[in-house]
Amino acid sequence: MRKILVVFASETSAAQIKKYLFEEHKIISKILPTPEKATVSGCGFSLLADFADIDVIRETVKLARVSSKGIFDAETFEKI
């Protein structure tokens with residue numbers, strides 16, 4: 001299954017979104033250090049999730065007003 005990385009500046013932001021996604025939408029995700037292959041500076045943590053949930057995740061990040069450096073394909077690291 002295709003996966004995405006949502007890149008955040010802090011672990012706190014990633015944890016906040018992870019918790020909300022599970023509590024409100026039952027979306028399971030995982031917090032991990034942003035891979036070095038992802039060419040995004042100053043971003044320590046990412047949320048790994050299924051591509052199928054991208055629309056809900058994008059809207060959640062927007063509504064929560066959490067700083068995100070973008071959403072990337074977890075295999076190619078290309079920005080989506």
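In this chain, residues are counted from 1 in sequence order. Computed over heavy atoms, backbone and side chain alike; hydrogens, waters and symmetry mates excluded.
- By the 6.0 Å and 45° rule, K18 does not stack over the aromatic ring of Y20.
- Rounding to the nearest 0.5 angstrom, the gap separating the NZ atom in K3 from the OG atom in S29 is 9.5 Å.
- Of the options L48, I31, L47, a side-chain contact (heavy atoms from CB on, under 4.5 Å) to V6 is made by L47 and by none of the others.
- Separating the CD atom in Q16 from the OG atom in S10 is a distance of 8.5 Å, to the nearest 0.5 Å.
- Scanning both residues, K69 and K79, for their nearest heavy atoms gives O-NZ, 3.7 Å.
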Exercise for the section: List the steps and the verdict of side chain to side chain contact (heavy atoms under 4.5 Å, CB included) for I80 and F72. Expected result: CA-CA 5 Å; I80 299 173; F72 298 81; 5.7 Å; no
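- The minimum heavy-atom distance linking S13 with F8 is given by the pair CB-CD2, 3.9 Å.
- Distance OG/S68 to NZ/K62: 13.5 Å, rounded to 0.5 Å.
- A salt bridge does not link R2 to D50: none of the charged side-chain nitrogens sits closer than 4.0 Å to a carboxylate oxygen.
- For the pair F77 and P35, the minimum side-chain heavy-atom distance is below 4.5 Å.
- Within the 4.5 Å cutoff, the side chain of L5 has no heavy atoms near those of the I71 side chain.
- For the pair I28 and F22, the minimum side-chain heavy-atom distance is below 4.5 Å.
- Inter-residue side-chain proximity for I4 and D73 is flagged as unmet; no heavy-atom pair is nearer than 4.5 Å.
- With rounding to the nearest 0.5 angstrom, the CD atom of E11 is 10.5 Å from the CG atom of L32.
- For the pair D53/K26, no side-chain contact is recorded, criterion being any heavy-atom separation below 4.5 Å from C-beta on.
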